[in-house]
Amino acid sequence: MGGATIAVLGGGISGLASAYYAARAGGAVKKVVLLEAGPVLGGWVRSSRSPQGAVSELGPRSVRPNGLVGGNTLCLLSDLGLSDSVLPVTRASPAAKNRFVFTGGTLHTLPNSLWTALSRRPPFSRPLAWHVLREPFVRGGGDGSGGDDFSVDALARHRLGDELADWLLDPLCRGVFAGDSRRLSVRCCFPALYRAVALHGSIVGGSLLSREPDDPAVSSNELVRRSRQERWAMWSLREGMGTLPNALGAFLEGRGVELLTNAAVRRIDFTGDRKATVEFDGDTITVDHIISTLPAKALSPLLPADLSVLREDLSRIRSVTVAVVNLEYPGSVLPVQGFGHLLPSSESGPVLGVVYDSMLFPQHNRRDVESTRLTVMLGGAWYEEAYGGLGAGEGEMESLLADAAEGAVRTQLGVDVRPTRTSVSLNQDCIPQYEVGHWKIMERIALEVGSRRLPLSLTGASFNGVSINDCVYNAGSAVATLLRTHV
Ligand SMILES: Cc1cc2nc3c(=O)[nH]c(=O)nc-3n(C[C@H](O)[C@H](O)[C@H](O)COP(=O)(O)OP(=O)(O)OC[C@H]3O[C@@H](n4cnc5c(N)ncnc54)[C@H](O)[C@@H]3O)c2cc1C
Ligand SMILES: C=Cc1c2[nH]c(c1C)Cc1[nH]c(c(CCC(=O)O)c1C)Cc1[nH]c(c(C)c1CCC(=O)O)Cc1[nH]c(c(C)c1C=C)C2
């Protein structure tokens, strides 16, 4: 298929990264067209700046630099010329070290050092070390009998006990997937934990024995070396995370990639000569290959009706809605220093947690006066139960969510003053949920696409990791596989 034409569906970080890797493939790829339904590129990665200079994030606000996938994103940043825009947070800083859980009316610091793991810290009745030392002697996974997948809750409860399941893993699932640990798959949400138990019979033992894969091209990158020397825990960008899709867009335009916004894909067809047609607002194109980064549920109805098994499997990968409320308070109002706090589901259904943005990235604070920026996240797997049946209009819903967020800050952080700025965004279906058995859906999807030899690659947050790092890395892998097998 020398000199292939490729349509990339979706202009979020996965679509932009897919187009980036395809555009760098040299002569193997003749043309890349990216189709995005919305008016701007970036998907959930979006930042804004207030007239006073404060940066707010709608979606992701920090990215991990560690491991192969973290290093890979740093390589992308350097290639885009963004190295000087990086705002690192080092592992020694309170913003990286201190994460809290709010339960029983109090903020509790999660263990973050050997010393804190050895001492008994509320809400836990025993030191973390007690659970850790006991875990290797527990047999089995989620139900004590082994098996091919378990819920995060079942694995944690069985191997680590009720307290860690309730106050560590339950909030962690809310703070990454906005999801319910009782429904989420440990195999797909925390693959390293799953592998540790499956291969070594223990989370602790397996974690000690496992080695991160390395890629010399990544570890020799200047920015990656800096991140390791300076012991970064996370990073953002000077003008916010939205700088990344903007820079990718500029890079792609420079490489002649056609970036079409307001171009919602309406229908996909596969022709007898192993080509594909994509019908979108305004036009139809014929290409050699499609890389779809659309949310699985959005892709499903666009496929031909005879691909009913594929359509059905894609439609089963659901996503949850998260309300993001950005608040700005006058002065310095936080009673603690840290990243933020999470609420276990037993404590509060819809309020998931609060990020202390101004502690994380003070460079994003307004420039004229001292202020505290916080983000309250609400909803997720509890959205429908809490707000779904209210039948509230958009304006009513916004003020309901703003009140809930302000109330959470008042009761959980003791902040009595009113915020000077409140902005609410309702991110519909923004975080995919890998529920128990997700791996089987993935296997069936791969089989359907492979056995029918469809000129289609699937990547994006719906499948194999929701973080920015995973989205970028998986886009690179999808393009590498395509070049190896089809082009
Ligand atoms: C509130 C929130 C906080 C987060 N925090 C972090 C964090 O701190 N760190 C981190 O690493 N990750 C974080 N994430 C996760 C990460 O931001 C997302 O998983 C990632 O941005 C998803 O990118 P994507 O390109 O796969 O999907 P999307 O961003 O959903 O992009 C898909 C694109 O497809 C388009 N589209 C849909 N239908 C069509 C169609 N028919 N035709 C054409 N285009 C279509 C959409 O408009 C969209 O632009 C967060 C996510 C959210 C929502
Ligand atoms: C309260 C809800 C949420 C908060 N952040 C997110 C939600 C739903 C979304 C999110 N946060 C992270 C990721 C990327 C995961 C990754 O693998 O890198 C996503 C999709 C980062 C993250 N946030 C927390 C953790 C433990 C992580 C993993 C990476 C890391 O260790 O830095 C915890 C956390 N999230 C939120 C808060 C308030 C919080 C802890 C105090 C907000």
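Residue numbers count from 1 along this sequence. Remember, it's 1-based here, ligands and their atoms both numbered in the order they're listed.
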Q) Do you know which two heavy atoms are closest between P65 and W232, and how far apart they sit? A) CG-O, 3.5 Å
Q: Nearest heavy atom to atom 30 (C) of ligand 2 wins, so pick from M234, R99, R61.
A: R99
Q: Establish, for the pair R174 and W382, whether the NZ or CZ atom is under 6.0 angstrom from the six-membered ring centre and no further than 45 degrees off its axis.
A: yes
Q. Which option, G42, P39, A37, owns the non-hydrogen atom nearest atom 44 (N) of ligand 1?
A. A37
Q) Has L9 got any heavy atom lying under 4.0 angstrom from an atom of ligand 1? A) no
Q) Would V322 count as a contact of ligand 2 if the rule is a heavy atom under 4.0 Å away? A) no
Q.
If I apply the N/O under 3.5 Å rule, does L172 come out as touching ligand 2?
A. no
Q | Salt bridge flag under 4.0 Å for residues E328 and R373 | A | no
Q) Are R61 and T375 linked by a side-chain donor-acceptor pair shorter than 3.5 Å? A) yes
Q. Are the side chain of D429 and the backbone N or O of T321 linked by a donor-acceptor pair below 3.5 Å?
A. no
Q | Near-ring test H341/Y356, centroid separation under 6.0 angstrom | A | yes
Q: Can you figure out which of D281, I268, N262, L294 has its heavy atom closest to atom 45 (C) of ligand 1?
A: L294
Q. Looking at V354, which atoms of ligand 2 are within less than 4.0 Å of one of its heavy atoms?
A. 38 (C)
(Q) With no hydrogens and no angle check, just 3.5 Å: does a side-chain donor-acceptor pair link N474 and S477? (A) no
Q | Minimum non-hydrogen distance to atom 2 (C) of ligand 1, winning option of P295, G59, S319, A264 | A | G59
(Q) Taking distance alone, with N or O pairs closer than 3.5 Å, would you say A461 contacts ligand 1? (A) yes
Q) What do you reckon, does W44 have a nitrogen or oxygen under 3.5 Å from a nitrogen or oxygen of ligand 1? A) yes
Q: Indicate the ring-plane relationship of F190 and F177, choosing parallel, tilted or perpendicular according to the 30° and 60° boundaries.
A: perpendicular
Q | Per-atom contacts of ligand 1 with S467, taking only distances under 4.0 Å to non-hydrogen atoms | A | 11 (O), 12 (N)
**Q.** Any protein heavy atom < 4.0 Å from atom 27 (O) of ligand 1
**A.** no
Q. Heavy-atom distance to atom 24 (P) of ligand 1: which of S14, G12, G38 wins?
A. S14
Q) Side chain of D313, backbone of I445: donor and acceptor closer than 3.5 Å? A) no
Q: Assess whether atom OH of Y473 is packed by more than 12 heavy atoms of other residues, nucleotides or ligands within 6.0 Å.
A: no
Q: Could you pull out, from G175, S62, G11, the option with a heavy atom nearest to atom 7 (C) of ligand 1?
A: S62
(Q) Under 4.0 Å between a side-chain nitrogen and a carboxylate oxygen: does that hold for D153 and R183? (A) no
Q: Would you check whether D470 has a nitrogen or oxygen atom less than 3.5 angstrom from a nitrogen or oxygen atom of ligand 2?
A: no
Q: Return yes when at least one protein heavy atom is under 4.0 Å from atom 24 (C) of ligand 2, and no when none is.
A: yes
(Q) I want to confirm something. Looking only at heavy atoms, which of V45, V322, I13 is nearest to atom 23 (O) of ligand 1? (A) I13
Q: Check the angle between the aromatic planes of W167 and F124 and answer parallel, tilted or perpendicular using the 30° and 60° thresholds.
A: perpendicular
Q: Give the atoms of ligand 2, by number and element, whose distance to some non-hydrogen atom of G353 is under 4.0 Å.
A: 1 (C)
Q: Check whether any side-chain N or O of S50 sits under 3.5 Å from a backbone N or O of A54 as a donor-acceptor pair, and report yes or no.
A: yes
(Q) So if I count the atoms of ligand 2 from 1 in the order they appear, which ones are less than 4.0 Å from some heavy atom of S467? (A) 14 (C), 15 (C), 16 (C), 17 (O), 18 (O)
Q | Q363 CD: over 12 foreign heavy atoms closer than 6.0 Å | A | yes
Q) For ligand 1, is A263 a contact, meaning one of its heavy atoms is under 4.0 Å away? A) yes
Q. Nearest heavy atom to atom 42 (N) of ligand 1: which of V176, L299, V265 does it belong to?
A. V265
Q. Do R46 and E57 meet the salt-bridge criterion of a basic N to acidic O distance under 4.0 Å?
A. no
Q: Going by heavy-atom distance to atom 15 (C) of ligand 1, choose the closest among V278, V466, D470.
A: V466
Q.
Judged on heavy-atom distance to atom 7 (C) of ligand 2, which of G175, G59, C173 sits nearest?
A. G175
Q: List the closest protein heavy-atom neighbour of atom 13 (C) of ligand 2: residue, atom name, distance to the nearest 0.1 Å.
A: V176 CG1, 4.2 Å
Q: Apply the side-chain hydrogen bond (donor to acceptor under 3.5 Å, both in side chains) test between N221 and each candidate in S227, S78, S83; give the one that qualifies.
A: S78
Q) Which pair of heavy atoms, one from A23 and one from R255, lies closest together, and at what distance? A) O-NH1, 3.5 Å
Q.
If I apply the N/O under 3.5 Å rule, does G15 come out as touching ligand 1?
A. no
Q. What residue and atom, counting heavy atoms only, is the protein's closest point to atom 37 (C) of ligand 2, and at what distance?
A. L342 CD2, 3.5 Å
Q: With heavy atoms only and a cut-off of under 4.0 Å, state how I468 meets ligand 1: side chain, backbone, both or neither.
A: both
Q.
When you compare ligand 1 with E36, is there at least one nitrogen or oxygen pair between them that comes in under 3.5 angstrom?
A. yes
Q.
Between E435 and R316, does any NZ, NE, NH1 or NH2 come within less than 4.0 Å of an OD or OE carboxylate oxygen?
A. no
Q.
Under 4.0 Å from a heavy atom of G340: which atoms of ligand 2 are those, numbered in the order shown and with their elements?
A. 41 (C)
Q. So is R64 polar-close to ligand 2, meaning N/O to N/O under 3.5 Å?
A. yes
Q) Considering only the protein, which heavy-atom contact is closest to atom 39 (C) of ligand 2, and what is its distance? A) F339 CE2, 3.4 Å
